[in-house]
Amino acid sequence: MNKFIWSLRREVWESRAIWMAPAICASIMILSTLAGVLKTGNMQIDADLLSKLSTELTPEKARGLTIVALISMGVPFLVTGLFTQFFYALDSMYAERRDRSVLFWRSLPVSDTTTVLAKVLVAAIVIPLAAAVAMLGTELVLFAIGSFRVPAALSILGTMWSPTIWAGWIAAALFLVVASGLWFLPAIGWYLLVSAWAPRSPFVFAVAIPCAMMFAEKIIFGTKVIGHAVTSLYAGFPAHVLAHGGHAMSVQLDEQHLDVPASALDIVRPLQFLATPELWLYVLLGAAMIAGAIWLRRYRETAA
Amino acid sequence: MATLIEAQGLTKQYGTTRALDGATFKVEAGRIVGLIGPNGAGKTTAIKAILGLTPCEGSLKVLGLDPYRERDRLAERVSFIADVAVLPRWLRVRNAIAFVEGVHPHFRPEKCREFLARTNIKMDSRVRELSKGMITQLHLALTMAIDAQLLVLDEPTLGLDILSRKQFYDSLLSEFMDEQRTILVTTHQVEEIENILTDLIFVDKGRIALDLPMDEIPVHYAQLIAAPAHAEAARALKPLSERQLLGRHVFLYEGADQGVLAGLGEVRQPSIADLFVAKMAGGVA
């Protein structure tokens with residue numbers, strides 16, 4: 001276990017992008033908001049709209065609006081996390097072969113399984129977790145900036161700092177971290193497998209091989225099974241992990257009937273997600289490719 | 001004396017070429033063994049097999065373990081320095097020590113720090129900021145602070161200048177070597193390790209061409225520096241090799257009567273390099 005913790009540390013030392021990427025994403029969002037505030041000065045809401053807002057924006061809608069704001073601010077961090085995961089995992093086993101440092105690491109009594117599983121945990125959990133922490137921090141700062149700009153009369157001000165909403169959202173974010181780690185395991189496994197195998201440019205191979213397979217499939221069978229599989233992996237995550245496939249997330253001010261979650265925790269459906277057959281298929285597929293990556297690192301001839 | 005490495009009929013095929021072709025040898029505890037051979041002779045393959053980095057035919061036991069199947073256990077008792085280039089460049093000295101301490105049960109960090117304190121290496125430096133010589137020192141410091149029974153060095157001083165090379169072997173002898181420890185080293189710079197070796201193994205085309213303790217070399221091999229007048233007589237004694245040096249003839253003999261040779265000129269103990277050339281060239285050069 002100790003060796004595993006040290007292997008995790010080693011990954012964090014080596015790949016600064018794990019925390020740099022979400023930090024940069026956070027800085028961009030905060031700085032651009034600040035720049036916007038400085039440029040426009042205080043938000044001017046005309047009296048008509050203000051009165052409309054104060055009557056129409058019921059506490060229920062305000063809560064929904066807050067939750068939707070929290071979720072939509074998370075999207076750039078999800079994208080950042082997926083990109084970081086892509087670059088980190090694809091480089092993680094190729095870099096050590098390229099500079100031959102794999103000979104140093106393998107001269108130490110750390111098994112290949114331990115090393116590769118540490119890389120899996122970083123890609124699946126540590127990177128999304130870093131993105132989630134950066135997201136929550138950014139949301140706090142942006143809400144703080146926003147608080148100064150929202151007229152005090154509006155009920156939304158109360159929901160923006162509601163501890164229940166925040167607690168629910170933090171819990172939901174932690175669930176999303178774990179859920180995304182499981183869901184994207186086939187992608188992580190694929191990156192690691194290519195990283196362990198590719199003779200050069202793992203990034204090209206990781207993209208070119210699926211593209212070539214799709215192309216070949218189209219030519220030979222005239223079908224698009226692989227393409228759909230790839231699409232459903234990425235599109236499927238929000239569809240399965242969020243309540244109503246994420247459709248409850250648009251809040252219309254004028255709409256009478258609102259299907260807004262009462263708490264941020266309601267936007268995720270852990271049990272429904274865990275009961276998704278695709279999830280377990282993906283986990284299995286990912287595990288198989290991770291096993292392949294371990295096997296390659298263990299038994300492949302390293303140039304010595 | 002305990003046998004650390006026991007290889008019998010070690011064979012390794014890469015496609016159509018045989019990197020190892022029935023190599024049989026032993027390494028006893030407390031020895032410093034030089035594994036010498038031309039490029040492509042199978043040295044590195046042998047080392048990889050010993051470290052469990054490649055599978056092989058034949059039987060191989062290192063510290064009583066099957067290195068390929070039990071590599072994880074073996075790694076706790078065997079240290080390995082491939083060459084100067086394998087420390088990851090992003091690694092900080094401080095973190096390197098912390099990592100090895102964290103994962104290695106037999107690592108003594110204070111010994112490593114003590115050694116580094118005598119160098120110009122700073123704890124906060126990254127490997128990429130160090131010179132080649134310093135990287136080697138760091139690698140050596142990390143490796144020597146491990147209480148390993150066997151240390152394997154594969155071209156450890158490749159690309160280093162002569163000062164760093166000398167420093168490397170000096171530190172190795174004074175800091176690492178004792179009766180409990182065994183070193184297996186391969187290198188192209190034979191002259192430099194000549195004086196520290198206790199045993200010599202020549203590998204050629206995947207086979208063991210010579211396997212002798214250093215102190216037995218003069219018993220079996222002799223170098224004769226003969227005047228031209230004695231050249232014919234010397235040639236008749238079937239030397240392994242002959243070459244001309246400043247008008248004199250230099251012959252190398254295996255198993256020759258040294259009393260007879262003394263009558264033909266000056267008899268010396270051949271250097272490893274001379275012996276190597278004579279054995280590898282396969283006869284008169």
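Per chain, numbering begins at 1; letters A, B, ... match sequence-line order.
In this structure, chain A has heavy atoms under 4.5 Å from both the backbone and the side chain of B/R71. When heavy atoms are compared at a cutoff of 4.5 Å, B/I47 does not approach chain A at all. Only the side chain of B/L142 comes within less than 4.5 Å of a heavy atom in chain A; its backbone stays farther off. Only the backbone of B/V78 has a heavy atom closer than 4.5 Å to any heavy atom of chain A. Contacts of A/R10 with chain B are made by both backbone and side-chain atoms, with heavy-atom separations under 4.5 Å.
Of all the heavy atoms in A/P109 and B/A75, the pair that sits closest is CA-CB, 3.6 Å.
Residues B/H139 and A/F104 have side chains in contact (heavy-atom distance under 4.5 Å, counting atoms from C-beta outward). Side-chain contact check for B/P88 versus A/E14: every heavy-atom pair is 4.5 Å or farther apart. Using a 4.5 Å heavy-atom cutoff, the side chains of B/L53 and A/L103 are in contact. Side-chain contact between A/W13 and B/F99: present, with at least one pair of heavy atoms (C-beta onward) separated by less than 4.5 Å.
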List, one per line, each side-chain donor-acceptor pair under 3.5 Å for residues 171-184 of chain A, sequence neighbours excluded.
residue : atom : partner : partner atom : Å
A/S180  : OG   : A/L176  : O            : 3.3
A/S180  : OG   : A/V177  : O            : 3.0
A/W183  : NE1  : A/L233  : O            : 2.7

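Crowding of A/F203 atom CZ: a count of heavy atoms from other residues, nucleotides or ligands under 6.0 Å exceeding 12. By the neighbour-count criterion of 12 heavy atoms within 6.0 Å, atom CZ of B/R69 is sparsely surrounded, having that number or fewer from other residues, nucleotides or ligands. In the displayed structure, B/K111 atom NZ is contacted under 6.0 Å by more than 12 heavy atoms of other residues, nucleotides or ligands. Other residues, nucleotides and ligands contribute over 12 non-hydrogen atoms within 6.0 Å of the CZ atom of B/R126. Annotation for A/R16: atom CZ does not count as buried by contact number, only 12 or fewer foreign heavy atoms lying within 6.0 Å. Atom CE of A/M20 sits in a sparse spot, with 12 or fewer heavy atoms from other residues, nucleotides or ligands closer than 6.0 Å. Atom CG of B/D161 sits in a crowded spot, with more than 12 heavy atoms from other residues, nucleotides or ligands closer than 6.0 Å.
Between B/L151 atom CG and A/S107 atom OG the span is 10.0 Å, to the nearest 0.5 Å. The distance from the CZ atom of B/F80 to the CG atom of A/L108 is 11.5 Å, given to the nearest 0.5 Å.
In this pair, B/W90 and A/W105 present their aromatic rings parallel. The plane angle is below 30°, not in the 30 to 60° band.
For the set B/V100, B/N95, B/D72, the entry with the most heavy-atom pairs within less than 4.5 Å of chain A is B/N95.
Partners of A/W280 under the side chain to side chain donor-acceptor pair (under 3.5 Å) rule, at least two apart in sequence or in another chain, do not exist in this structure.
Ion pairing between a basic and an acidic side chain is recognised when a charged N comes within 4.0 Å of a carboxylate O; A/K3 and B/E76 show such pairing.
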